[in-house]
Each structure stands twice: as C-alpha cells, then as structure tokens.
2 protein chains.
Amino acid sequence: MSERGVSAHDGDSRRRLGKADWTAAALAALAEGGVAAVAIEPLAARLGTTKGSAYWHYPSRDALLHATLERWEVEHTEAIITMVGSESDPARRLRVLLGSVLEHAAENQVEIAVLADADHPVVAPVLQRVTERRVSYLASLFAELGYGRGEARRRALLAYAAYLGHAQLLRATPEVLPAARSTQRRYLDQTIRVLTQGGGPSTG
Amino acid sequence: MSERGVSAHDGDSRRRLGKADWTAAALAALAEGGVAAVAIEPLAARLGTTKGSAYWHYPSRDALLHATLERWEVEHTEAIITMVGSESDPARRLRVLLGSVLEHAAENQVEIAVLADADHPVVAPVLQRVTERRVSYLASLFAELGYGRGEARRRALLAYAAYLGHAQLLRATPEVLPAARSTQRRYLDQTIRVLTQGGGPSTG
DNA sequence: GCAAAACCATACGCTACCGTATGGAGGTGG
DNA sequence: CCACCTCCATACGGTAGCGTATGGTTTTGC
C-alpha cells in the first residue's frame, strides 16, 4: 500500500513519473483551460515526457480525467471542511461559504471548469455528488437557524443558486459585479441578510 | 436591401441556401450540442449540402458562430420583451422573468450553451451585452419597487445570480431541484418574497 | 437566351488529438 | 550480474474538424 504515485527524486528533472504526477498536471491544465485541456499529448509535453508514459499509468484519456476529478473532489471537500470547521455559529459558516466565491477568484478555477462542462459524462457524476452534498449541508445550516425542513431546503437551494450564479458572473462578466472591496462586503452582508430573514420555523 | 438570407422555394428539399439557413441550423446545433456543435462539416451534412456552401456564405467557422450568436441575441431579446410586455406591475414582471427558467427548460437550451462556453472569445462579448442589459433591467424593476439605487442594483445582482444558478442546476443536477409542479410554484413564490422583502428606499 | 453572378461539390492538405504496438532504458531482487 | 518488472520513446494509423482551390451548376439581369 505504498500509494505514492509520485516517485521520489524530488526536485530533479528527468525523474520517472507516477499516477499522481499526471493528475497534478491535469489539475493545473483543468484550471487553466478547462476540461478540454486535459489532453494526453499536451500534458505530456508539459511534463517533459511522451504519451507512452500516460498510457502506461492510465488506459485512456477519460480514465485520467476521471482520476483527476476524483482527486479534486476529495481535496476540495477537505479544503471546505477545514475552512468552515473554524466557525461554530451556523450564520458565520454561511457567511464564510458564500463569501468564498467573491474573495478567492483564482482558486476556484477548477470548480469553474467543472461547472462549465457539467454535462460531460465523466464530469457529471462528480458534480452531482458535490452538489447534493453542498445543498444538503446548506439545508442543515438553515435548519439550525430555525427553519423547517422544507423551508430550509428551499433556502438552501436559493443560496446555492446564488453561489453558482456568482461564480458564473465572476467568470463571464466580472464587470457587472461590485469592484471595490468595501462594496463587496456590503453586498455579501445584504445577501446573507436577505437569505436569512423572514419565514420562521414550520413554514414548510 | 432584400436581406432574405433564406431563399425561396419554401418547403422544397434541394433548394439553394442563404446565410439564414446556416444560422438556423447552427442555432439548432447550438441547442443540442453546445458551441462545439457549431461546426461546418456536421452542419453541412445536416443541411444536406457540403462545406462549399458554408464557406461561400461565411469566411470561417467563427464568422458563422458570430452571426449565429448575434441572431440569437436579437431574437432572444425580442422574445423577452414581448413576454414581459404583457405585464405592467413590476412585481409581476419579476415573477415572469424568474419563473421562465423553471418553466421552460427546453427552450433555454441555447442560453445554457452560451453560458457554458462563456469564456469563448466569440461568445463572451455577446454574453456580456446580454448580461449587462438584464441586470440593468432588473435593477430598474427593483427601483420601481421602491429601493434606492445601490440597493436595487445589489438586489438585481442577487436575483440574476439566482437565475443563473438555477439554470446551472437545471442543466447539471436537476435532481436537487423540486420536481413537482406545485413545489416549484411554492419555491418560486418564496424566492420572490425573499428577494423583495426588507430594506426599503434610500438604503443604498 | 446568354453573360455574369451566385451558389455548391469534390478533392486536397493541414492540425490536433486519440489510441496501439513495439522496442527499448532503468532500476531491483535473487 | 542478470532476469525481470517498471516505465518511457517512437512510430504508426485513425478520426474530426478547419480552410483552400477549382471547376461545375444554377439563377438572375438585361
């Protein structure tokens, strides 16, 4: 069970590669050029090797893409958990989560790519799992805030839709979004206020 | 100034084609397979002709794509205007607009495709115009509802983000959205309520 | 009814990528 | 020290699309 994936020789150039080297390069390409950029031959060039290596570690391009997305899924999930774990108050957690899209723009590039190719057969299942997990979690937060089951679920959907929509706006037309840091904060404040006011428990 | 684009012979099969025939076929392909499906050779096959025709009317694939997107832009804008024109009350207009994404799923396929390839160099400018126009319009609706400039703009952004997010959810993971017609209505009701409550005039 | 213009078919070459086949190099254990 | 297993390079063939070239076929205008 070594599971190293990336062989030793740290730092050296012409070392031999492992599975993890390929998914790492693929993640970088994913962030820069989207799903289409996860292509064997360009990646090989990028890694200073050839397709021979890739097809040794993975049977096909889709297999590499699959492995890459699964790696992203776990790393991303962990990242969110640790990010949110520092807060205990549900309202603050909500704020951290919703704020993350406005703050870190560059770090979400992989997510943007995944969303862009949502209907790709290899991407879809991953995205499905991530989405369901997130919405459920948001619903639990709203439940903690006192909303009934149905109401919490609906608010969670609305919140998540807002999150996705902002990601889309940030990617495609950032001009329409508030530019100044202060305006962004104000905007975030208002969004959360709007999402968490009115309609108390047993409304759904 | 004939500007027919699609030559006569209505209904016949082996007629000669005009510019408009190509953008029409491209729109269909766009809805079904996204931007990548707007490709000369497949379209030619679909039209029962050859590339020769395409490269007569358009100098390149990107030119065809460009023309197609511009056609979509104007037709889509007109469609929305007529759709909303039947309502006079700003709150009802808001409802019609936001409801459209939940109701008509199939008809928005082109928009979905455009959103998916938002950063494509040919797509981006079109999307930019459409987005800015829509957000401005939404902001004017919120202003009519009594919100101040800044507040109206922020609410418009939130509303539009919710719209975009729902489009994304509908495309990628429809399972998380309410399935039953009645639940959808309820959900739409709540969304609008949440978006239009609190924070009166001169708040921004 | 015939020249000119508009339109289309076919053949070609080019790029980018996929996947296979095969002959190695390079470490590693007995 | 050599057989073996791991890993890689190269060469090949295939697909899908772009764009060009060139000659042919319709229309249209006069």
Side-chain angles (χ1 to χ4, degrees), chain A residues 1-10 12-26 29-30 32-68 117 120-123, chain B residues 1-26 29-30 32-68 113 117 120-123:
Chain A
M1 300 293 177
S2 55
E3 185 63 78
R4 73 227 178 302
V6 47
S7 49
H9 266 268
D10 316 64
D12 196 348
S13 55
R14 292 286 171 79
R15 71 192 209 283
R16 304 177 83 171
L17 303 176
K19 281 173 165 332
D21 296 294
W22 281 94
T23 51
L30 196 51
E32 290 165 21
V35 171
V38 180
I40 301 284
E41 280 164 324
L43 285 179
R46 182 192 199 110
L47 283 169
T49 181
T50 65
K51 338 164 36 159
S53 172
Y55 285 105
W56 169 257
H57 295 291
Y58 297 96
S60 70
R61 181 247 157 164
D62 271 11
L64 170 60
L65 180 57
H66 188 239
T68 305
D117 282 78
H120 187 294
V122 179
V123 174
Chain B
M1 300 288 175
S2 56
E3 185 63 76
R4 72 229 177 300
V6 47
S7 49
H9 266 269
D10 317 63
D12 198 346
S13 56
R14 292 284 170 79
R15 70 195 209 281
R16 302 179 85 169
L17 304 176
K19 280 172 159 349
D21 296 294
W22 281 95
T23 51
L30 195 52
E32 291 164 20
V35 171
V38 180
I40 301 284
E41 282 163 324
L43 285 178
R46 181 192 199 110
L47 283 168
T49 180
T50 66
K51 333 159 44 155
S53 171
Y55 285 105
W56 169 257
H57 295 291
Y58 297 97
S60 70
R61 182 247 156 162
D62 271 11
L64 170 60
L65 180 58
H66 188 242
T68 305
D117 282 76
H120 186 295
V122 179
V123 173

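Quick note on labels: first sequence line is chain A, next is B, and so on, each numbered from 1.
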Problem - Any donor-acceptor N/O pair under 3.5 Å between D:dT27 base and B:Arg16 side chain - result: no
Handout entry: Worked check of salt bridge (charged side-chain N to carboxylate O under 4.0 Å, His left out) between B:Arg15 and B:Asp21
Key = CA-CA 11 Å; B:Arg15 70 195 209 281; B:Asp21 296 294; 2.4 Å; yes
Exercise for the section: Let me know, please, whether B:Ser60 or A:Thr50 comes out on the 5' side of the other along DNA chain D by nearest nucleotide. Expected result: A:Thr50
Completion exercise
Whole-Å distance, B:Arg61 CZ to D:dT20 P, equals 15 Å
Handout entry: Side-chain (B:His57) to main-chain (B:Leu64) donor-acceptor, under 3.5 angstrom
Key = no
Problem - Integer-rounded Å distance: D:dG17 P and B:Leu64 CG - result: 14 Å
Exercise for the section: Please determine if a side-chain N or O atom of B:His57 lies less than 4.0 Å away from the OP1 or OP2 oxygen of C:dC8. Expected result: yes
Exercise for the section: Output all residues satisfying side-chain hydrogen bond (donor to acceptor under 3.5 Å, both in side chains) with A:Thr49, sequence neighbours left out; order by chain, then residue number. Expected result: none
Practice task
Would you indicate, yes or no, if D:dC7 has its OP1 or OP2 atom less than 4.0 angstrom from a side-chain nitrogen or oxygen of A:Trp56?
Solution key: yes
Practice task
Could you state the atom-to-atom distance from NZ of B:Lys19 to P of C:dA6 in whole Å?
Solution key: 12 Å
Exercise for the section: Can you sort out the partners of A:Ala54 under side-chain contact (heavy atoms from CB on, under 4.5 Å), two or more places apart, ordered by chain and number? Expected result: A:Trp22, A:Ile40
Practice task
Check side-chain contact (heavy atoms from CB on, under 4.5 Å) between B:Ser60 and all other residues, then give those that pass, not counting sequence neighbours.
Solution key: B:Asp62, B:Ala63
Problem - side-chain hydrogen bond (donor to acceptor under 3.5 Å, both in side chains) contacts touching residues 35-47 of chain B (sequence neighbours left out) - result: B:Glu32-B:Arg46, B:Glu41-B:Lys51
Handout entry: Residues forming a side-chain hydrogen bond (donor to acceptor under 3.5 Å, both in side chains) with A:Thr68, sequence neighbours excluded
Key = none
Problem - Distance in angstrom units between B:Leu17 CG and D:dT25 C1', rounded - result: 14 Å
Practice task
Could you tell me the separation between the CZ atom of B:Arg15 and the P atom of D:dT26, rounded to a whole number of Å?
Solution key: 16 Å
Problem - Whole-Å distance separating the NZ atom of B:Lys51 from the P atom of C:dG13 - result: 13 Å
Handout entry: Separation of atom OH in B:Tyr55 from atom C1' in D:dG19, rounded to whole Å
Key = 5 Å
Practice task
Taking only heavy atoms on the protein side, list every residue of residues 35-46 of chain A lying under 4.0 Å from any atom of DNA chain D, sorted numerically.
Solution key: none
Problem - C:dA9 OP1/OP2 closer than 4.0 Å to side-chain N/O of B:Thr49 - result: yes
Fill in the blank from the handout: A:Leu65 CG to C:dC17 C1', in whole Å, measures 15 Å
